[in-house]
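A quick write-up on the structure given underneath.
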Amino acid sequence: MDSFLIKGGVPLHGEVEISGAKNAVLPIMAATLLTPEPCVIHRVPQLSDVRFMTQILEWLGAKARLDGGALRIEARRIKGHADYDLVRKMRGSICIMGPLLGRLRKAVVSLPGGCVIGARPINLHLKAFAALGAKIRIESGYVEASAKKLVGGPMFLGGRAGSTVLGTANAMMAAVLAEGVTFIESAACEPEVVDLANFLIAMGAKIQGAGSPTITITGVSQLHGAEHEVIPDRIEAATFAIAAGATNGEIVLKGARADHLRAVIDKLNEAGVVVERRGADLVARRNGRLQAVDVTTLPYAGFPTDVQAQMMALMALTPGISIITERIFESRFMHVSELARLGAEIEIEGPSAIVKGGKPLSGAPVMASDLRASAALVVAGLAARGTTQVNRVYHLDRGYEQMDVKLRRLGARIQRIEES
Ligand code: EPZ
């Protein structure tokens with residue numbers, strides 16, 4: 001398993017190209033199952049999650065070909081039963097259920113199971129499918145949704161932590177070919193949901209209200225192929241903006257969209273990191289001393305849970321007390337114990353982490369546990385004195401395209417140690 005070796009203390013300067021959004025491209029790739037015609041997706045990030053989703057689509061019978069950054073997918077004939085092991089390994093693959101149900105009226109996938117950040121139930125996904133007339137069966141680790149026909153209707157997707165991003169994606173993809181009109185109440189409003197809706201509309205779907213809590217879908221009889229460019233990854237952009245603040249540097253986030261990052265930009269500004277527009281890009285830099293701030297993660301347009309860990313790393317460097325509260329997932333503090341190895345002083349009180357920041361961090365070997373926790377450890381290592389070794393960076397490769405290469409181009413002393 002690869003690791004990163006980071007010699008901290010170098011202010012990062014320069015430009016970084018923000019890749020296509022992982023959390024947009026995965027459901028968009030799944031949506032290509034809704035038509036037998038070829039689709040072309042541009043600005044596809046080279047991530048292990050994307051390679052994995054490609055394997056799943058090919059296993060289902062689709063043909064996929066990568067031309068540079070463009071991914072061509074043709075799902076002429078497909079089967080509705082996804083391989084147990086393939087689906088089990090990547091939770092995001094649950095979003096193939098909606099299109100399989102929409103196109104074949106039947107979808108069988110392995111229950112995704114939880115992960116280190118939480119139980120990750122799919123009850124709201126299944127509620128959406130049942131609202132369209134599907135029968136749900138759970139047996140020997142598989143979940144099956146099937147329907148003689150899908151009929152549009154109302155559904156409420158609000159759960160204990162707000163809405164569900166992939167649940168909204170699945171509901172839309174199952175409803176676009178259903179008869180009649182579907183009303184999704186308490187839909188997720190994330191930009192990645194809007195990007196998926198735009199791709200479905202380009203395929204001929206009739207969708208209104210994406211990006212708002214109420215989405216209306218009028219079913220059509222079939223969808224055609226389409227071409228689409230994936231939105232830039234707002235979480236990657238936020239991660240590099242935080243790295244600029246943590247190392248007292250200045251980074252141009254090429255292609256990043258301010259309108260997807262309002263809560264992050266606002267909070268970073270309060271913390272002493274300015275993120276402002278420069279033409280079609282954003283620029284992030286320190287603005288004087290870092291200030292301790294409190295953060296609570298919320299559904300979009302609130303502060304994103306996927307930036308919580310990285311923000312905690314920044315607050316560990318900041319003199320003062322910062323309270324970071326996680327409202328979306330039940331156990332998304334795996335990075336706390338690893339940040340403590342670098343000298344961070346953080347106490348967990350229920351859904352909150354109390355960060356007593358300001359002591360300089362010193363490098364040490366640390367273990368990545370999940371995608372965004374790994375990013376937090378890299379940010380901390382870039383600012384820590386001495387050398388930090390981040391182990392198991394395969395977690396990071398799931399969601400960040402060539403992060404070590406991009407950081408080196410910004411002046412970071414980081415190298416990837418490949419372990420056979
Ligand atoms: C998506 O996961 C993202 N993943 C996550 O990003 C992101 O953290 C999350 O949305 C929230 O923004 C992808 O898009 C591939 P949810 P998703 O359903 O859709 C509960 C990353 O680091 N819930 O919005 O699986 C759930 O337990 C990843 O890039 C139910 O109760 O998340 C959680 O507490 C991590 N029942 C909350 O809702 C359900 O049926 C939000 O989950 C579904 C979800």
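These numbers come from a predicted model, not from an experiment. Indexing begins at 1, ligand by ligand and atom by atom, following the structure's order. Note that these values count all heavy atoms, side chains included, but never hydrogens, waters or copies made by symmetry.
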Closer than 4.0 angstrom: is that true for some heavy atom of Pro121 and an atom of ligand 1? yes
Set of residues satisfying ring-ring contact (aromatic ring centres under 6.0 Å, His included) with respect to His81, sequence neighbours excluded: Tyr142
Taking 4.0 Å as the limit for heavy-atom contacts, which would you say applies to Thr305 with ligand 1: side chain only, backbone only, both, or neither? side chain
Set of residues satisfying side-chain contact (heavy atoms from CB on, under 4.5 Å) with respect to Thr325, sequence neighbours excluded: Thr296, Ile323, Arg327, Pro351, Ser352
Atom 16 (P) of ligand 1: nearest protein contact (heavy atom, Å): Val165 N, 3.7 Å
Arg234/Glu192 salt bridge by N-O under 4.0 Å criterion: yes
What do we get for His125 next to ligand 1 when only non-hydrogen atoms under 4.0 Å count, side chain, backbone, both or neither? both
Run the numbers for me: atoms of ligand 1, each under 4.0 Å from some heavy atom of Arg160, listed by number. 27 (O), 34 (O)
Ion pair Lys63/Glu74, N-O distance below 4.0 Å: no
heavy-atom search around atom 8 (O) of ligand 1 in the protein gives Asp306 OD1, 2.6 Å
Nearest protein heavy-atom contact for atom 41 (C) of ligand 1: which residue, which atom, what distance? Ile328 CG2, 3.7 Å
Quick test of your reading of the model: are Arg332 and Asp306 salt-bridged, counting only N-O distances below 4.0 Å? yes
If we count only non-hydrogen protein atoms and require a distance under 4.0 Å, does atom 20 (C) of ligand 1 qualify as touching the protein? no
Under 4.0 Å between a side-chain nitrogen and a carboxylate oxygen: does that hold for Arg409 and Glu15? no
Could you tell me whether Glu250 and Arg278 have a side-chain N and a carboxylate O separated by less than 4.0 Å? yes
Ligand 1 contact by Met90, heavy-atom criterion under 4.0 angstrom: no
Which one holds for Lys127 and ligand 1: side chain close, backbone close, both close, or neither close, with close meaning a heavy atom under 4.0 Å? neither
Thinking salt bridges, do Lys22 and Glu401 make one under a 4.0 Å N-O criterion? no
Answer side chain, backbone, both or neither: which part of Arg398 comes under 4.0 Å from ligand 1, heavy atoms only. neither
Is Glu192 in contact with ligand 1, taking contact as a heavy-atom separation below 4.0 Å? no
Heavy-atom proximity to atom 29 (O) of ligand 1, picking from Glu236, Arg372, His395, points to Arg372
